[in-house]
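Naming convention: chains lettered A, B, ... in sequence-line order (proteins, then strands); numbering from 1 in each chain.
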Number of protein chains: 2
Amino acid sequence: MSKMWLMRLVVLAAGLVLWFMPVPEGLQENAWHLFAIFITTIFSIIIGAFPVFVASVLALVTSIFTSTLTTAEAYSGFSKGFILLILVAFLVANAVVKSGLGRRISLIIISFFGKSTLGLGYSMFFTDMLIAPAFPSNTARSGVLYPLTLALARDSGSKVEEGSQKRMGNYLMMNTMAGLSISSTLWLTAMAANPAGAGMAAEMGITITFASWLQASIVPCLVAALVLPYILLKVINPEIKQTPEAPKKAKELLQEMGTISSKEIITGLTFIGMVALWATTSIHHLPKEAIAFTGLAIVMATGIFTEEDMKQQGGALSTFIWFAVLYTLSSFLNKFGFMTWIGDKIAAPLDGMSWPMVYVILIISYVLIHYFFVSQTAQMMALFSVFLAVGIKSGVPGELLAMMLLFATNFFSVITPQGSSANVLAAGSGYLKSSEVYKYGAVITFTNLLIFLTIGTAWIMMVTG
Amino acid sequence: MSKMWLMRLVVLAAGLVLWFMPVPEGLQENAWHLFAIFITTIFSIIIGAFPVFVASVLALVTSIFTSTLTTAEAYSGFSKGFILLILVAFLVANAVVKSGLGRRISLIIISFFGKSTLGLGYSMFFTDMLIAPAFPSNTARSGVLYPLTLALARDSGSKVEEGSQKRMGNYLMMNTMAGLSISSTLWLTAMAANPAGAGMAAEMGITITFASWLQASIVPCLVAALVLPYILLKVINPEIKQTPEAPKKAKELLQEMGTISSKEIITGLTFIGMVALWATTSIHHLPKEAIAFTGLAIVMATGIFTEEDMKQQGGALSTFIWFAVLYTLSSFLNKFGFMTWIGDKIAAPLDGMSWPMVYVILIISYVLIHYFFVSQTAQMMALFSVFLAVGIKSGVPGELLAMMLLFATNFFSVITPQGSSANVLAAGSGYLKSSEVYKYGAVITFTNLLIFLTIGTAWIMMVTG
């Protein structure tokens, strides 16, 4: 307790020092103050002075009481569609578990690939990569993968309420987040920001198509998909690694489950419907979160997920609040010009360096800056054009740099738990502490960075000639 | 199950008939469509075809998919300050229970007034009326009274998780809601809409001051305060009515509790601080919900209410969603002109009637219309001026009518569970079914209406000369 309060004093002192520092030139006062609040919050979460929820609530009230944000600005995240999508995906995912469908699917996967934990890791990775081009939202895709991962963990005897997170569930959750970072990098249509980025590149004379994107991404993505599940297994070191009996056991349990129940069928059809509608939003333009709300209403009206179950979902509420708050702070850092300012600061000293040097510095900086961004899309919108312009000016090949920045926008997604809305379900599952997600997320991100800076860069230069 | 689905078919059919009816003259199509969605939703809740949460989610997606509301409009309630206040008050109230402070205060109340359930009812009623002038928000006041009511119910052996709601808790919760309806009527400063209404009356040449308000309200409010706890006792008929041993038992239990703990002191100071800040917002202008968020951060940072406790708070999430949705639909009904239109419809046939007749019809209509309003303030804003103008034109004394409409804006608050944001905590406590709140709420509202139309009207006419 005493150590905790000491850490809190340190956080408070650091925050006050930052707040009262002279505002750097070229920056508005409220941009600097919001940065002081935001970075202090992230710091307090990283060192464990406050849980993420409490830290976020404190950041919210500090930004309001200091008039850094108006209340309308500070609360705006709570009514954002994609944040509601995360909340509702969290809730509706329970139906997959409760109906028994998640258990059935996970038993089927185990019966095929379940001889080892690594086998399960690879099967989740490749499942994700195969379905990704049909999902223009990595958040929506995480809503499909999360209940499957949860069921796999639970059926392997790794349960949060029993404290057995480290048996296997911690590995599977982290592996799913890693998979999402790569599946989103692989396809132009696998993440909402990808086509937007391609459009911004086109304005600067660089053409990126569905095919040229895939041609450039496929080699580094496949390497990452082969490497990451293995590295994570070594680093996380789950208690269970070999499960030679698992496939046979899974087949027996499947037999015990008998034929598929009506609740499983309703849940299955609901999810197929949601996925089909999510994958075709470019045609019908129905908002993704409204589709998810409909799915939730269906599983609740049919008694699969009940009001009683709903009462246990305080975790979803807590996630909703902290994610909305951190997203909002980050997006206002951007709106207040802080992001552009820091972009310019990075670009200035590069003048006169050789282009490979500039390229490496730009990519590494772009990835590191994501420690401070809660939205992949917001960072891309804020920095992509600045970084691309700076690089081209220094002689970096435009197509290479554009591709790499857009790939990085995806492969840096796990650098923090809040680094992508697609992380939120797995990071909030209870299988991983915040500090673990930071640690393993760093391993994933720097592995990706290394692969893309070496093999990836060589390959992209070859195919873009 | 079959009967449930039959009811749902009836709801669907009724909704479709309303939707495809010719739009009444003078009304925009989207106003009529929103009305069809809203009234169908309320109907489905009243007959029990859907729980309030599912009904609200269905209303939300229907209004989006039919383009009756944009997503920004439909989700706007989620970032409204006073809706967040309800959510956070819900959460922070847990600290009063968990710290033991609620138990201590309720034992003290029982030791003085605990000989009968009715005695407890009266003590809550008068406590509320005494603190009310300092609380310009009935929602904030409900956040203070709710944890006390909850602790009283629990210490009387009435617990939701044990299914013993009907022992006493159902009565106490309903009694607290009734108390709020009267305490808000009593003082000009006890509800946010009251001074706003007085301002609107001033524009029409009718002056209402703090003193003249109290002079007019005090007699009917005191009568209601004497009558309501007794009537509710008869109607709700809680299992426990006489508890002659309770005061002695309470004193023993207080002795067992020993001296006050540091957690109780922190919780007490936090609540005193929140109340002091809420009561003085006209000076410092800090937003009420941000004050509540700060209180939540304090009780969480000090480990009184933990992240583990937070996981059980799914009920708060469900309340937050359905209340935000119903509030939003109602406020857009108003914005789309539906409320003004229905006001005009009511006013038209009154032409030529005697003023007492017009007066009674206006007041009764104003109260009944609240079945369709989720915000007291919104109804007052929409209808007060129309009704006042219509009445004065027909010869109703202006001061009498203005006072009565503003009193009604408060005393009709329990006509539905969502009729006031001050109901939401008690109505969502688990002690009462939705259908029970509708039933007892009708008893309270029509008792109030009767008192104010008879004794109240006579008294107001006497004091306003």
Determine, step by step, whether Arg154(A) and Glu161(A) satisfy the salt bridge (charged side-chain N to carboxylate O under 4.0 Å, His left out) criterion, reporting the C-alpha distance in whole Å, the side-chain angles of both residues, the deciding distance to 0.1 Å, and the verdict. CA-CA 10 Å; Arg154(A) 296 181 64 85; Glu161(A) 70 271 24; 3.0 Å; yes
Between Glu307(B) and chain A, which part of the residue has a heavy atom less than 4.5 Å away: side chain, backbone, both or neither? side chain
Closest heavy-atom contact between Trp278(A) and Ala292(A)? CZ2-CB, 4.0 Å
Does Lys433(B) NZ have over 12 foreign heavy atoms under 6.0 Å away? no
N/O donor-acceptor pairs under 3.5 Å from side chains in residues 43-54 of chain A, not counting sequence neighbours:
| residue | atom | partner | partner atom | Å |
| --- | --- | --- | --- | --- |
| Ser44(A) | OG | Thr41(A) | O | 2.8 |

Of the listed residues (Pro287(B), Gly314(B), Ala297(B)), which shares the most heavy-atom pairs with chain A below a 4.5 Å separation? Gly314(B)
Heavy-atom pairs under 4.5 Å with chain B: which of Leu91(A), Asp309(A), Leu286(A), Leu58(A) has the most? Leu286(A)
If you look only at distance, which donor and acceptor atoms sit under 3.5 Å apart when one is on a side chain in residues 68-90 of chain B and the other is two or more places apart or in another chain?
| residue | atom | partner | partner atom | Å |
| --- | --- | --- | --- | --- |
| Thr68(B) | OG1 | Thr66(B) | OG1 | 2.7 |
| Thr70(B) | OG1 | Glu73(B) | N | 3.0 |
| Glu73(B) | OE1 | Thr70(B) | N | 3.0 |
| Tyr75(B) | OH | Glu289(A) | OE2 | 2.7 |
| Ser76(B) | OG | Glu73(B) | O | 2.7 |
| Ser79(B) | OG | Ser79(A) | OG | 2.8 |
| Ser79(B) | OG | Ser76(B) | O | 3.4 |

For the interface with chain B, which of His284(A), Met310(A), Met300(A), Gln312(A) has the highest count of heavy-atom pairs at distances below 4.5 Å? Met310(A)
Against chain B, label Ile321(A) side chain, backbone, both or neither, depending on which of its atoms sit under 4.5 Å from a heavy atom there. side chain
